[in-house]
Amino acid sequence: MSSQIIATHLLDWFRPQMRDLPWRHIQNPYTVWLSEIMLQQTQIETVLPYYNQFITKYPTVDLLAQATLDEVLKLWEGLGYYGRARNLHKTAQIVSTTYGGIFPTTPEQLMTLPGIGRYTASAIASIAFGFPSAVLDGNVMRVLARLDDLAEDIAVKATQAQLWERAQALLPEDAAGDYNQAIMELGQKVCRPIAPRCTDCPLQAHCLAFARNTQAIRPVKTKKPATPHYHVAAAMVWDDAGRVLIAQRPLDGLLGGLWEFPGGKQEAGESLSECLQRELLEELAIEVDVLELFTVVKHAFTHFKITLHAFTCRFRPGVHPPQKLGVQDYAWVQVEELARYSFGKADRVVIEELHNRRGMLL
Ligand code: SF4
């Protein structure tokens with residue numbers, strides 16, 4: 001079956017029901033880039049309010065480049081995967097200074113910018129500039145593996161290379177942007193991982209998995225190992241003035257640049273209290289009295305899960321002030337000032353609990 005017929009059927013299905021999304025109104029590279037970064041591993045409904053806030057506050061890439069990292073992180077707070085926000089800020093600054101505020105047009109050039117991999121580069125180049133480069137994400141892989149009834153493991157690099165080629169071969173050069181969005185949407189809405197809606201699928205007549213009734217076992221994908229789980233202790237260290245100590249994480253790495261109640265991962269053989277004493281010495285060179293468990297929060301990251309145990313602690317009077325040994329910065333703040341800082345999800349749950357129980361603590 002020719003690639004052209006598949007593309008035509010897909011576009012005929014997609015175009016009449018194309019969803020009215022704000023980044024589709026003003027089609028420029030800045031809005032396409034912003035939406036694509038936000039949509040990485042995040043649902044459209046979650047992204048919408050964040051996208052609108054960013055576009056209102058920073059309507060151009062130059063204005064985003066002029067913002068501070070703290071301002072960008074604060075606006076991003078709650079959207080998760082904070083490396084995206086840091087890269088967003090870096091890329092805005094590069095586009096503004098190196099490229100004079102104008103985004104480069106080819107996937108190769110776009111991939112030199114922080115936070116833009118092969119998939120995102122192709123999405124931006126095709127949607128914003130009509131560049132004929134195919135996209136391949138988990139949704140597209142699933143559609144292609146079923147169309148061809150592919151028996152190879154899609155977690156293997158060689159299979160992925162084969163799928164990139166197949167995706168490119170199917171792409172109509174004169175409608176690359178719409179086609180890429182169409183095949184992704186087909187994967188999300190119709191060719192779903194479980195119970196694909198084959199009776200509503202515009203590609204049913206071309207689908208080998210449908211013809212052979214193998215949809216349920218396609219794509220073939222090796223199972224990931226079990227997600228690791230860690231216990232983390234966090235200290236809410238209070239001083240005599242009723243202020244609590246918060247620390248800013250180093251800029252590189254997980255949750256880089258975000259603020260937190262200081263602490264860290266429990267090591268083998270130590271209690272949570274010992275863990276806190278060790279972490280506070282290593283990161284801030286302080287000693288505290290660990291008083292009581294305040295709350296426990298469970299949280300899942302992409303590759304691991306944590307149980308965060310937040311403890312009420314007292315700063316020992318007469319001890320020297322904290323030092324920035326393993327943190328970017330630190331601050332003593334009143335509870336009502338916490339809202340000015342950007343925190344990760346687990347710490348925000350602790351803060352919410354703090355507000356709920358505030359009368360008991362102060
Ligand atoms: Fe997916 Fe079914 Fe369509 Fe094949 S017919 S592409 S399995 S939804």
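As the structure lists them, so they are numbered: ligands from 1, and atoms in each ligand from 1.
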Engineer: State the atoms of ligand 1, each with its element, that fall below the 4.0 Å cut-off from a heavy-atom position in Gln204.
Structural biologist: 5 (S)

Engineer: Would Asp153 and Thr159 count as a side-chain hydrogen bond (donor to acceptor under 3.5 Å, both in side chains) here? Give the steps.
Structural biologist: CA-CA 7 Å; Asp153 184 350; Thr159 314; over 6 Å; no

Engineer: What is the nearest protein non-hydrogen atom to atom 1 (Fe) of ligand 1, stated with its residue, atom name and distance?
Structural biologist: Cys191 SG, 2.4 Å

Engineer: How far is atom 4 (Fe) of ligand 1 from the closest protein heavy atom, and which atom is that?
Structural biologist: Cys207 SG, 2.3 Å

Engineer: Would you call Lys74-Glu71 a salt bridge at under 4.0 Å N-O?
Structural biologist: no

Engineer: Where's the contact between Cys198 and ligand 1, heavy-atom distance under 4.0 Å: side chain, backbone, both or neither?
Structural biologist: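 Within the 4.0 Å criterion, Cys198 contacts ligand 1 through backbone and side-chain atoms alike.
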
Engineer: Pick whichever of His206, Arg218, Gln215 has a heavy atom sitting closest to atom 7 (S) of ligand 1.
Structural biologist: Gln215

Engineer: Taking atom types as modelled, is there a side-chain donor on Thr302 or Gln41 under 3.5 Å from an acceptor on the other?
Structural biologist: no

Engineer: Counting backbone and side-chain atoms alike, is an N, O or S atom of Cys201 positioned under 2.8 Å from atom 1 (Fe) of ligand 1?
Structural biologist: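 Here the distance criterion (N, O or S atom, under 2.8 Å) is not met by Cys201, so no.
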
Engineer: When you compare the side chain of Trp33 with that of Asn28, does any pair of heavy atoms fall below 4.5 Å?
Structural biologist: no

Engineer: Decide yes or no on salt bridge (charged side-chain N to carboxylate O under 4.0 Å, His left out) for Arg19 and Glu185, but give the supporting numbers first.
Structural biologist: CA-CA 10 Å; Arg19 191 167 161 192; Glu185 193 148 319; over 6 Å; no

